[in-house]
Amino acid sequence: MAKPSPVITGLRCRCYKCGEGKVFDGYLKLKPACEVCGEDYAKSDTGDGPAFFVMFLALILFGPFFFLLPLAPWPMWGLVTGFIVLAVVMLAFIFWILPPFKAVLLNLQLANKAAPAEFED
Ligand SMILES: [Zn+2]
């Protein structure tokens, strides 16, 4: 059986090794280990990486609209409504994309055996 891609399994929020076990126990809390193959997730730590990349992507996608919206010839209530709608859409996008993004980074870290640098004396 071919080893599943860490990116594809991450987008599905599944284990990089077996492609079946779920990575999260809740919204973003990692399970201690894979429920199917027993792969230990505790040795991995994605830190702030997923949040940084997702916020950066959201900035690129939604940032221009926050600057262009005030240029619209709308009354004040229309602008306020536009800002609220834009903010809600952006937050929904962020909350939607954050778990798969974290799972992709986790899977890439585990599949490539990434670890902090160790120096010999
Ligand atoms: Zn697994």
Side-chain angles (χ1 to χ4, degrees):
M1 186 175 101
K3 196 171 182 178
S5 161
V7 175
I8 300 297
T9 54
L11 290 174
R12 295 175 54 228
C13 296
R14 303 294 173 162
C15 171
Y16 78 99
K17 208 169 197 178
C18 62
E20 297 298 323
K22 291 183 179 175
V23 171
F24 296 116
D25 186 19
Y27 180 61
L28 282 178
K29 184 179 178 220
L30 286 177
K31 290 186 174 186
C34 177
E35 60 200 9
V36 176
C37 69
E39 175 68 9
D40 182 21
Y41 297 143
K43 61 188 174 188
S44 174
D45 181 20
T46 57
D48 295 335
F52 171 78
F53 287 115
V54 166
M55 286 191 302
F56 199 71
L57 183 63
L59 173 72
I60 291 170
L61 292 176
F62 293 95
F65 294 107
F66 280 102
F67 289 101
L68 292 175
L69 191 61
L71 301 177
W74 296 346
M76 184 55 78
W77 66 267
L79 291 175
V80 170
T81 305
F83 272 113
I84 291 171
V85 168
L86 190 56
V88 168
V89 169
M90 186 180 74
L91 287 173
F93 171 78
I94 288 171
F95 285 119
W96 171 64
I97 201 171
L98 191 54
F101 213 89
K102 181 173 180 171
V104 167
L105 288 184
L106 173 88
N107 284 355
L108 286 172
Q109 194 176 47
L110 290 171
N112 294 307
K113 298 176 177 49
E118 295 178 7
F119 301 101
E120 295 178 19
D121 290 332

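Counting starts at 1 for both ligands and their atoms, following the listed order.
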**Prompt:** Rounded to the nearest 0.5 Å, what separation is found between the CG atom of Leu57 and the CZ atom of Phe52?
**Reply:** 11.5 Å
**Prompt:** Does the side chain of Pro4 reach to within under 4.5 Å of the side chain of Tyr16, using non-hydrogen atoms?
**Reply:** no
**Asked** Which protein N, O or S atoms sit under 2.8 Å from the Zn ion (ligand 1)?
**Response** Cys15 SG, Cys18 SG, Cys34 SG, Cys37 SG
Side-chain donor/acceptor pairs under 3.5 Å, residues 63-88, sequence neighbours excluded:
residue: Thr81; atom: OG1; partner: Trp77; partner atom: O; Å: 2.7

Would you mind writing out the side-chain donor-acceptor pairs for residues 94-120 within the sub-3.5 Å range, not counting sequence neighbours?
residue: Lys102; atom: NZ; partner: Leu28; partner atom: O; Å: 3.2
residue: Asn107; atom: ND2; partner: Pro6; partner atom: O; Å: 3.4
residue: Asn107; atom: ND2; partner: Thr9; partner atom: OG1; Å: 3.1
residue: Asn107; atom: ND2; partner: Arg14; partner atom: O; Å: 3.0
residue: Gln109; atom: OE1; partner: Ser44; partner atom: OG; Å: 2.3
residue: Gln109; atom: OE1; partner: Asp45; partner atom: N; Å: 3.2
residue: Gln109; atom: NE2; partner: Asp45; partner atom: O; Å: 3.1
residue: Asn112; atom: ND2; partner: Leu108; partner atom: O; Å: 2.9

**Asked** Got a second to check how far Thr46's OG1 is from Tyr41's OH, nearest 0.5 Å?
**Response** 13.0 Å
**Prompt:** Tell me, which pairs form a salt bridge (Lys or Arg N to Asp or Glu O under 4.0 Å) where one or both residues lie in residues 21-31, sequence neighbours left out?
**Reply:** Lys31-Glu35
